[in-house]
Each structure stands twice: as C-alpha cells, then as structure tokens.
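Notes follow once the structure below has been shown.
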Amino acid sequence: MSFSILCAAALVAAPMDVSATDFVLEPRPGDLVILPFGEGMAYPAEADIPLQAPHLRFSNGMSLSMGFFGRFREGEWTMFGVADMLDAGLAFSRTNGLLRVAYKGTTNNVLRVFRAKTLGAAAAAYRTWREERGGVRTLADKVRTNPRLRDFPGTADVWLWDDNTQNRLYNWPRKTDAPVRDTRRIADEMKALGLDRVLWNSFEGETPEDCAYLKSIGYHVGTYECLRDVFHKGLLDVADPKDFVRAARFLPIADEITRVNADGTLARAWSIPDKAGKMHPMHALCDAMGLEMCRRFIAPEVARIGYDSRLMDVQAGGGPVACWSKTHPCSGREALEALRREHRYMCDDLQQITGVEVGSELLVDAYHYSEGLTSCPHPFRKELCWRYKDRALYGVDVPEATKNILHNPRYRIPLWELVYHDCTVSYYYWADSTLMYPELTRTKDLFCALYGLPPIYSMNVSTWNQLKHEVAASYRRATPVARRTMFARMTDFEILTPDRLVQRTRFSNGVCVTANFSSADYRLENGSIVPPQTFVLSSSTCDSF
C-alpha cells in the first residue's frame, strides 16, 4: 500500500457537514483506523492494540491531541473534523473483533467530512477549515511577537538532572557519592561535542550567573513550571516544602486559589509520597487563577534569573476544567480562554519560548513547543516511567509495547505534522526521551528526521557522563531536517514499501526526507541507496544537502 500527500484541490471531494449525534465509524476488514493519539496512529481495524480507555476526550491532549480522525478504505481517506472539541470525545468498542469508533458528546455538534485520495489532501483541507474557524497561529506569526524563536530551528531539548532529584521527589535514599551538577562544565562539553543549538532545561532552576553564561554560549535557558499543583497545609506533616519548591510557593494562598469540584470538594492534583511510600494528593489550581499566578510568581523570577524559556506542565495536556468556587468560578469554556490568556502572556508578554506537556489543538495558537506529543501518551510506556526520566534503561526494562507499538513505523503516521508542523515544535516525552532506551535511539532519530522534529535528552549527571558521545551522535542524526523545516508545512507523506518500513515526507520549502526503518538497503529512484536505519535528505532546489 502506498499513499502520499499531494495538496491538489482535485484530490479532495467537496467537504460536507453531518450531525455528530449517533455518529459511528463502522469498521470493515482491511480498514485502517486513523486516530489522533499523539502525533497520530494508523491501526488496522483487526489489530488487537490496547487503548487507554473506552472513552477519550478531545479537550485532553493526553487522550486525543486533535479533533481529526477517520479511516482509510480501498484507496480513499474519509476523515472527520469535530467542530467543537471542548465537550466531545470518542468511544471505542469492538464489533466482531474490529475496532469501532463512535462520537460521544454534545448532541448539537457538527462533524466536517473530508474525503480524499490522499491523507495529505484531507489534512490540508482540515487545516483550512480550522483557519476559517480561528485559533491557528503559525510559528512565523509567533516569531513576530517573540523574536527568540528565530534561532530555535533544530534545537535539542535537554533536561539535565541532579542525581538526587528523583530521590528527593519520591523519598528514595539519597546518593552520597553523586557527581556535582556543574552547569558550565557540562554546557562546555555539549558545545565542544557539536550541540550548538540547545534548550537547556533544569527542573530546580539555575542561578542568574549560570543562566547568563549559558545564554552567552548561544543556548536558550528554561525551567519547569506546574501551576496546577498546589502544596497545601495538609501536606506539611508528610513532605518537606523545600523538596517541592514550586508547588510550595502557593502554600500561603492555597485555600484561595484551589479549584472546587461540583460537589464542593477541593480538586486533587499530583500526589507526593510520605516516607512509608503512601501517596498524598496536592490540590489543583483553578485555571481562572493561572494568569494571576504567572504575573505574581513567574514574571519576577524571569526578571531575576534571566530565563528565556519555560515548560508549562499539565495544563495543556490535561485540558481546561470547570471550577465551582464561590470567589473564582469558571465554566470549562471560560477555563480554556483563561489558559489561552495565560500561555499567550508567557509567549508574548514575558517573551518566553513556551512549552507545554503533550500539546492540544485547543491551544495550538498559544504555545511554541510541546513535550510528549511524539511519544503518544497511551498505554505503551513503562509503568511510572516519569520516575526514571533521568537515566538510561536496557534489556527487560524496555517495555515490549514501547518497542512494538509506540515506536513502530507500521502504526505511526505524522497526522499532527501534516496539519500543524509550521505551528508548533513537537518533542518526545521526557520519560520516553531519545536516549532513555538506547536500543531505540536510532529509530527515534529516524522519526525526528522524517517528521522534521528535534530530539530531547533527559538525563542526570551520571548518565550524561556515560552517554555524552551517544548524545552527540544522535544530535547529528536527528537535527538536520528540523533545522531546515521548522517554519515550513509538511506537504507530503508516502509509505514506499509493502512492509511500511520505508517512508518519505516532503515540506513546503522543497525539503524531502526518505527514511529506511528496515534491515535492508532501499534503492531510490535515482539509483542511490538508503542503508538500513538511515535517511536521505534532499531538496527540490538542489540535488542533496
């Protein structure tokens, strides 16, 4: 089977609208079911692949990243766009062993139907529809309000952890012989190894002096933020606020800013362990309070330290949530607009290169990059993988589903990139980072090259000391396409072999990538060879780079 994106209008049937009420995508043997899990997945209808839950919401990026789904049948793509994603989702079941997809949500919603001979033509029509409805900003638009994005193409996202960070977070025994996290030494090593474009991220933050040094060598400098986690007084007997500095900032005002559930209870957020390992939930910030918290806590820190980037965890991934507080109530739609204002403030007013967890189409106009979309946040990762995001895992510690489904080119498609490549930059999840499973690194680098995306490296000092040369080799493989295509649209996607292991993408600036995921040589049309686990990068404006 071969399919490609050729954005000719003749390849798309005239779009039509249908009522979402009682909509069901009924399967047939041989269908491919196209779902917006992370970047996008194409499942044979017969495949017994686990799903995260029987019902997933479009407003939660950890469930469904965008309102665009459908099927491939007998040479035609039939794709559906959900007009209002906020109170809608998909329900999954099996009929005679075949995957069945049904709309679930408000009864007055509309689905726009796109029928096309190529997925790319359908994606281009869907993008046009979303632009007409508003809420789409390209990276070229975003660079006008934040010029720091100009030198972001091909930037590796690097999280460098102290060897005891996870031990503090999870009450594990502390290492007494941990190597020093020497920011300048390691940054100099990265630079000497050829990592010339780096987003240097630190969970616990940098000093103003180290931040200035990192920026002086051409690196962007960011830190972590999770506004939704509120450390409250009930946790004082359980955990030391010094180990949860960002959440503990809210301690004096926790009761004033916590989201209230419809039944009057206080909403829960991330749980933290006591010394016996029992988990205790923090409270969740009301989304309507987010912008005020940015102004109150983040803006002064940016001015004091000098950061030019910030990862805003949870909110875009988890989606907007209504609040029933008597002092700061908000509906789900009001919560969404509050999140948009918050992220636009970070991007434009504070001039931060702003990242989010996973990413969501609902906020695609209001952030620059995402962490996790490329990893597909579904049941294919290691259990509690975020506890191991600072190290490399080998052998039996590599989940079979991670190898056989999550990073299997037979199932993956760049659905998000076909629609939004020129609007956001996508990275793997920090607990599925490029070198978390070294045996998968070449495959992950190939996906980066094929999709025009940069890599992410998440490791503690010991792991960096062990794998620094592997990081440099990965960087050389993974970044060339992203450096050339960040501001371009993905215009073409082809599967070139029956086993689906040789794939090709094209971009609006003429860049073409052919990636060979197989174990055999692949001969190109001009007779040249693409060896196994490599790619060829070329351009319509020259023979090759």
Side-chain angles (χ1 to χ4, degrees), residues 57 59-63 86 169 201 203-205 222-235 239 241 243-262 265-273 279-299 301 310-325 327-347 350 352 354-360 362-363 366-367 369-373 377 386 389 429-431:
R57 296 183 296 119
S59 61
N60 186 328
M62 297 181 190
S63 298
L86 192 58
L169 291 176
N201 272 314
F203 182 73
E204 294 173 331
T223 190
Y224 173 86
E225 189 63 61
C226 187
L227 292 180
R228 195 164 276 181
D229 290 347
V230 177
F231 192 102
H232 54 86
K233 294 176 182 177
L235 296 174
D243 291 338
F244 302 92
V245 175
R246 297 195 181 280
R249 292 173 306 183
F250 301 136
L251 184 58
I253 55 174
D255 294 340
E256 304 169 26
I257 61 176
T258 294
R259 188 174 75 235
V260 178
N261 297 321
T265 59
L266 298 179
R268 295 183 171 190
W270 191 259
S271 292
I272 57 179
M279 305 301 288
H280 301 264
M282 288 190 265
H283 289 159
L285 179 76
C286 171
D287 289 335
M289 305 299 294
L291 178 56
E292 181 181 340
M293 296 303 100
C294 287
R295 288 172 171 155
R296 186 166 177 173
F297 293 105
I298 298 178
E301 186 182 71
R310 181 83 45 149
L311 176 73
M312 308 294 286
D313 203 4
V314 178
Q315 293 164 304
V321 186
C323 176
W324 279 265
S325 165
T327 56
H328 47 78
C330 64
S331 66
R333 200 167 300 279
E334 289 168 336
L336 173 62
E337 291 308 312
L339 289 178
R340 177 170 285 110
R341 289 192 297 272
E342 173 194 319
H343 286 80
R344 288 291 293 268
Y345 171 78
M346 295 295 301
C347 291
L350 288 190
Q352 298 292 285
T354 303
V356 299
E357 183 185 15
V358 183
S360 169
L362 287 171
L363 290 168
Y367 64 88
Y369 75 90
S370 66
E371 291 188 10
L373 190 73
W386 46 86
K389 57 184 173 288
Y429 183 44
W430 63 9

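Residue indices begin at 1 and follow the sequence shown.
Among pairs with a residue in residues 280-294, those fulfilling side chain to side chain donor-acceptor pair (under 3.5 Å) read Arg228-Asp287, Asp274-His280, at least two apart in sequence or across chains. The list of side chain to side chain donor-acceptor pair (under 3.5 Å) pairs with a residue in residues 310-320, not counting sequence neighbours, reads Tyr224-Asp313, Glu225-Arg310, Glu301-Arg310, Gln315-Glu342.
Taken from CZ in Phe203 to NZ in Lys389, the straight-line distance is 6.5 Å, to the nearest 0.5 Å. Remark: Glu371 CD to Leu311 CG distance equals 4.5 Å, nearest 0.5 Å. A distance of 10.0 Å separates CZ in Arg246 from CG in Leu227, rounded to the nearest 0.5 Å. Arg296 contributes atom CZ, which lies 8.0 Å from atom CD1 of Ile257 (distance to the nearest 0.5 angstrom). If you take CD1 on Ile253 and NE2 on His232, they are separated by 14.5 Å, rounding to the nearest 0.5 Å. Here the straight-line distance linking atom CZ of Phe244 with atom CD1 of Ile272 works out to 4.0 Å at 0.5 Å rounding.
Side-chain atoms of Thr258 come within 3.5 Å of backbone atoms of Ala254 as a donor-acceptor pair (strictly under, hydrogens ignored). Counting only distance, with no hydrogens or angles, the side chain of Arg341 and the backbone of Ala288 share no donor-acceptor pair below 3.5 Å. At least one donor-acceptor pair under 3.5 Å links the side chain of Thr354 to the backbone N or O of Gln352.
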TODO: Report the C-alpha separation of Leu86 and Arg333 in whole Å, then their side-chain angles, then the decisive distance to 0.1 Å, and conclude whether the side-chain contact (heavy atoms from CB on, under 4.5 Å) test is met.
DONE: CA-CA 7 Å; Leu86 192 58; Arg333 200 167 300 279; 3.7 Å; yes

- [ ] Given side-chain contact (heavy atoms from CB on, under 4.5 Å), test Leu339 with Leu363 step by step and report yes or no.
- [x] CA-CA 8 Å; Leu339 289 178; Leu363 290 168; 4.3 Å; yes

TODO: Decide yes or no on side-chain contact (heavy atoms from CB on, under 4.5 Å) for Met293 and Val230, but give the supporting numbers first.
DONE: CA-CA 11 Å; Met293 296 303 100; Val230 177; over 6 Å; no

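Between Trp324 and Asn261 there is no side-chain heavy-atom pair separated by less than 4.5 Å.
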